[in-house]
Amino acid sequence: ALKANPETVELLDLIRSQGKGVHVFTAGTPTRALEKLTGAGLVNKVDRIYTSGVNAFEDSGAAGLLTAKDSPVKLAALPKTAKADGTGYEFIARDLQTNGKRIAMTGDHPIEDIANAKAQNYFTALATWYRKEKAVIAPDLELTAPSQFTNLLRTKVFGS
């Protein structure tokens, strides 16, 4: 079973305590995202899950397992290319009724997570504790552990 890194739990709790939202953007299916978050005990720390990928609801919907209204968090299925081509980041900003300058994206993929988010003016943090890939476009922050972001949030207010 998955177990959340205590540093990740601390980071998510700090974000929420500051009145900020926590949103997941994945190229996978909503079922897989919910399974991973639930298994790690993090589903109650997430406000929304944005998914892209081929037929995000098809497998679970065909089996009668999950629909967006059944989810414990708000789910939004985006076009299958939304993460790869970056269009999902613009959608997310509109959905959250804000602009990219007020959103931070932390991810481990140099193009889908960093370059595409940066194109929409998101604050970007490359999480190198998952995957050691060189960024194509320099992130605002390179993280070797979640605690780095936690410490930064304690000293600096994002989105103000």
Side-chain angles (χ1 to χ4, degrees), residues 1-84 86-98 102-114 116-117 122-133 139 141 143-154 158-159:
L2 296 171
K3 182 165 174 56
N5 178 329
E7 290 182 7
T8 301
V9 174
E10 181 182 14
L11 172 60
L12 297 177
D13 286 343
L14 178 63
I15 290 169
R16 301 290 296 273
S17 75
Q18 292 181 349
K20 296 172 178 66
V22 175
H23 312 281
V24 173
F25 185 19
T26 179
T29 68
T31 305
R32 184 69 179 129
L34 283 170
E35 181 180 278
K36 287 170 87 174
L37 290 167
T38 301
L42 298 175
V43 75
N44 64 338
K45 299 179 184 305
V46 173
D47 299 295
R48 290 180 176 96
I49 299 173
Y50 297 94
T51 64
S52 68
V54 179
N55 302 317
F57 283 98
E58 185 176 291
D59 292 341
S60 57
L65 298 175
L66 177 72
T67 63
K69 67 178 175 52
D70 298 327
S71 173
V73 298
K74 182 181 177 186
L75 290 172
L78 305 179
K80 65 182 179 182
T81 59
K83 192 158 188 194
T87 58
Y89 292 98
E90 184 179 353
F91 174 89
I92 291 168
R94 278 194 321 268
D95 190 53
L96 297 175
Q97 299 177 352
T98 191
R102 297 182 50 88
I103 301 174
M105 171 60 173
T106 301
D108 64 348
H109 195 278
I111 296 173
E112 289 184 1
D113 296 332
I114 303 304
N116 290 346
Y122 283 39
F123 177 89
T124 57
L126 181 62
T128 61
W129 69 87
Y130 287 121
R131 184 188 333 198
K132 306 265 189 256
E133 285 194 42
L141 184 63
L143 301 170
T144 57
S147 60
Q148 285 177 273
F149 205 14
T150 303
N151 293 335
L152 184 63
L153 284 172
R154 285 192 175 116
F158 285 95

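Excluded from the calculations below are hydrogen atoms, water molecules and symmetry mates; all remaining heavy atoms, backbone and side chain alike, are included. Counting begins at 1 with the first residue of the sequence.
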Would you say that [X] contacts [Y] through its side chain, given a criterion of any heavy-atom pair below 4.5 Å between the two side chains?
X      : Y      : value
Thr106 : Phe149 : yes
Val24  : Leu37  : yes
Glu10  : Asp13  : no
Pro6   : Val9   : no
Asn151 : Gln148 : no

Kindly give the heavy-atom pair with the smallest separation between [X] and [Y], and that separation in Å.
X      : Y      : result
Ser147 : Glu7   : N-OE1, 3.3 Å
Val73  : Val46  : CG1-O, 3.2 Å
Leu143 : Thr128 : O-OG1, 2.6 Å

Filter on ring-ring contact (aromatic ring centres under 6.0 Å, His included), then keep only pairs touching residues 11-49, sequence neighbours left out; what's left?
Phe25-Tyr89

Is it true that the side chains of Asn116 and Tyr122 contain a donor and an acceptor less than 3.5 Å apart?
no

Once rounded to the nearest 0.5 Å, what's the spacing between atom [atom1] of [X] and atom [atom2] of [Y]?
X      : Y      : atom1 : atom2 : answer
Lys3   : Leu42  : NZ    : CG    : 10.0 Å
Asp95  : Arg48  : CG    : CZ    : 5.0 Å
Ile114 : Thr124 : CD1   : OG1   : 4.5 Å
Glu112 : Ser52  : CD    : OG    : 7.0 Å
Arg16  : Leu12  : CZ    : CG    : 8.5 Å
Leu14  : Leu153 : CG    : CG    : 5.5 Å

Can you name the side-chain contact (heavy atoms from CB on, under 4.5 Å) partners of Arg94, sequence neighbours left out?
Glu90, Phe91

Going by side-chain contact (heavy atoms from CB on, under 4.5 Å), Lys83 matches just one of Ile111, Thr51, Leu78, Asp113. Which one?
Asp113

Within 6.0 angstrom of Lys45 NZ, more than 12 heavy atoms from elsewhere:
yes

Where the side chain of Thr38 meets the backbone of Leu34, is there a donor-acceptor pair that is under 3.5 Å apart?
yes

Is it true that Asp47 and Lys20 have a side-chain N and a carboxylate O under 4.0 angstrom from each other?
no

